Chemist: 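Handing you a structure now.
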Amino acid sequence: MVRPREFDEEQALEAAMRLFWEKGYEATSLSDLTSGMGIQKPSIYSAFGDKKALFEAALRKYTQSHAASVRSKLHNNRSAKEAIRIFFEDLIEEAYGEQPNRGCFCINTMVELAPHDEKFEVLTREHQMYLAVIFQETIERGVQSGELAAHLNSKALAQTFVVSLIGLTVMLKSRPDRLVARNCLESMLTLL
């Protein structure tokens, strides 16, 4: 008879996600994971598989949550332009907040693992594509309402905003002068 799990899998996965997000895949040891998740190695292996499988589960959890958050932020404003402006302004403000700036877990993975691991190359690319769809929906909403010009290539522009999001997120980890980030945002918005 199989013993029931004595821990909350979702809480354990959330803890693993935070650890991997903060330290990266390579720098997070199994000792870090057992301590941070509050469970022992056999329980990790039983519930999630090896370290790489746990990392993948944590990344998937993050990308689902991140995509839902981006969708909510971009769709909660009637104005497409304002939605995009506020989204990027919030990103900039978060980077200068009191919490340490960990950046984006998916972007961190793109830099650390995607160049030499096909699975993470695909997972991070899929997330970029999904974010582009969310930006595209926002732009198309602006075109349909007449707020944005009808000639805009919403797909190309959405992809440009994803590239801008990635670049800005990475740049903000070094906390450049806020004016640099603000100037980037103002330049991006001229595309609309």
Side-chain angles (χ1 to χ4, degrees), residues 17-18 20-25 27 58-59 61-116 120-192:
M17 182 186 76
R18 286 193 308 272
F20 284 131
W21 188 359
E22 180 183 326
K23 298 179 89 169
Y25 177 75
L59 179 62
K61 179 178 180 60
Y62 174 86
T63 57
Q64 288 173 351
S65 171
H66 184 249
S69 172
V70 171
R71 179 178 292 285
S72 174
K73 288 176 182 179
L74 290 176
H75 289 194
N76 279 343
N77 194 315
R78 284 166 121 19
S79 164
K81 254 187 194 175
E82 278 307 297
I84 292 170
R85 172 186 292 281
I86 290 167
F87 173 81
F88 281 104
E89 284 176 344
D90 288 351
L91 178 73
I92 292 167
E93 288 310 307
E94 259 181 49
Y96 293 98
E98 292 180 20
Q99 298 294 329
N101 184 3
R102 296 177 292 182
C104 167
F105 183 24
C106 186
I107 294 170
N108 296 348
T109 302
M110 193 185 325
V111 172
E112 181 184 15
L113 297 178
H116 53 270
F120 293 106
E121 175 190 330
V122 170
L123 288 174
T124 57
R125 186 174 53 243
E126 285 174 349
H127 187 58
Q128 294 167 56
M129 290 167 37
Y130 190 71
L131 294 179
V133 167
I134 298 169
F135 275 105
Q136 185 175 350
E137 291 168 354
T138 304
I139 294 162
E140 288 173 354
R141 190 179 77 234
V143 169
Q144 289 170 356
S145 73
E147 177 189 10
L148 301 176
H151 72 275
L152 287 176
N153 181 335
S154 61
K155 184 174 184 174
L157 188 52
Q159 291 166 339
T160 300
F161 280 128
V162 171
V163 170
S164 298
L165 171 62
I166 293 167
L168 190 58
T169 300
V170 171
M171 182 185 78
L172 287 170
K173 288 181 89 169
S174 68
R175 289 187 179 232
D177 185 291
R178 272 185 207 241
L179 186 58
V180 172
R182 295 289 314 169
N183 287 341
C184 290
L185 172 56
E186 292 307 319
S187 294
M188 287 181 339
L189 292 173
T190 64
L191 298 172
L192 294 172

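Numbers here are sequence positions counted from 1. These numbers were taken from a predicted model, which means no experiment stands behind them. Side-chain atoms are counted along with the backbone in the values below, which use heavy atoms only and exclude waters and symmetry mates.
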Chemist: Would the distance check show the side chain of Glu82 and the main-chain N or O of Asn77 forming a donor-acceptor pair, the cut-off being under 3.5 Å?
Modeler: no

Chemist: Does Glu147 reach the main-chain N or O of Lys81 with its side chain, forming a donor-acceptor pair under 3.5 Å?
Modeler: yes

Chemist: Hey, are the side chains of Glu89 and Arg182 touching, using non-hydrogen atoms and a 4.5 Å cut-off?
Modeler: yes

Chemist: Measure the acute angle between the ring planes of Trp21 and Phe105, then classify it against the limits of 30° and 60° as parallel, tilted or perpendicular.
Modeler: parallel

Chemist: Show the nearest heavy-atom pair for residues Met171 and Pro176, with the distance to one decimal.
Modeler: O-CD, 3.4 Å

Chemist: Would you mind reporting whether Lys23 and Arg102 have side-chain heavy atoms less than 4.5 Å apart?
Modeler: no

Chemist: Do you know which two heavy atoms are closest between Ala158 and Ala132, and how far apart they sit?
Modeler: CB-O, 3.2 Å

Chemist: Do the non-hydrogen side-chain atoms of Ile92 and Leu168 ever get within less than 4.5 Å of each other?
Modeler: yes

Chemist: Run the salt bridge (charged side-chain N to carboxylate O under 4.0 Å, His left out) check on Lys155 and Glu140 step by step: do they pass?
Modeler: CA-CA 9 Å; Lys155 184 174 184 174; Glu140 288 173 354; over 6 Å; no

Chemist: Rounded to the nearest 0.5 Å, how far does OG of Ser154 lie from CG of Leu192?
Modeler: 11.5 Å

Chemist: Do the non-hydrogen side-chain atoms of Thr138 and Phe135 ever get within less than 4.5 Å of each other?
Modeler: no

Chemist: Atom CZ of Arg85 and atom CG of Asp90: how far apart are they, to the nearest 0.5 Å?
Modeler: 12.0 Å

Chemist: Looking at every non-hydrogen atom in both residues, tell me the closest pair between Lys73 and Ala83 and how far apart they are.
Modeler: O-CB, 4.3 Å

Chemist: With a 4.5 Å heavy-atom cut-off, do Thr109 and Tyr25 have their side chains touching?
Modeler: no

Chemist: Just so I know, are the side chains of Ile139 and Ile84 near enough to count as touching, which here means a heavy-atom distance under 4.5 Å?
Modeler: yes

Chemist: Could you tell me whether the side chain of Asn101 and the main chain of Leu172 form a donor-acceptor pair under 3.5 Å?
Modeler: yes

Chemist: Tyr62 and Cys104: which non-hydrogen atoms are nearest, and at how many Å?
Modeler: OH-SG, 3.3 Å

Chemist: Among residues at least two apart in sequence or on other chains, which ones pass ring-ring contact (aromatic ring centres under 6.0 Å, His included) with His75?
Modeler: none

Chemist: Would you mind reporting whether Phe87 and Leu165 have side-chain heavy atoms less than 4.5 Å apart?
Modeler: yes

Chemist: Return the minimal non-hydrogen interatomic distance between Ala67 and Ile134, and the atom names on each side.
Modeler: O-CD1, 3.6 Å

Chemist: With rounding to the nearest 0.5 Å, note down the distance linking CG in Leu74 to CZ in Arg141.
Modeler: 7.5 Å

Chemist: List the atom of Leu148, the atom of Ala80, and the distance in Å for their closest heavy-atom pair.
Modeler: CD1-CB, 4.2 Å

Chemist: Just so I know, are the side chains of Ile166 and Met110 near enough to count as touching, which here means a heavy-atom distance under 4.5 Å?
Modeler: yes

Chemist: What distance separates Cys106 SG from His66 NE2, expressed to the nearest 0.5 Å?
Modeler: 8.0 Å

Chemist: Return the CZ to CG distance between Arg178 and Leu185, rounded to the nearest 0.5 Å.
Modeler: 13.0 Å

Chemist: Could you measure the distance from the CZ atom of Phe20 to the CG atom of Asn108? Nearest 0.5 Å is fine.
Modeler: 13.0 Å

Chemist: Checking Ser65 side chain against Lys61 main chain: does a donor-acceptor pair fall under 3.5 Å?
Modeler: no

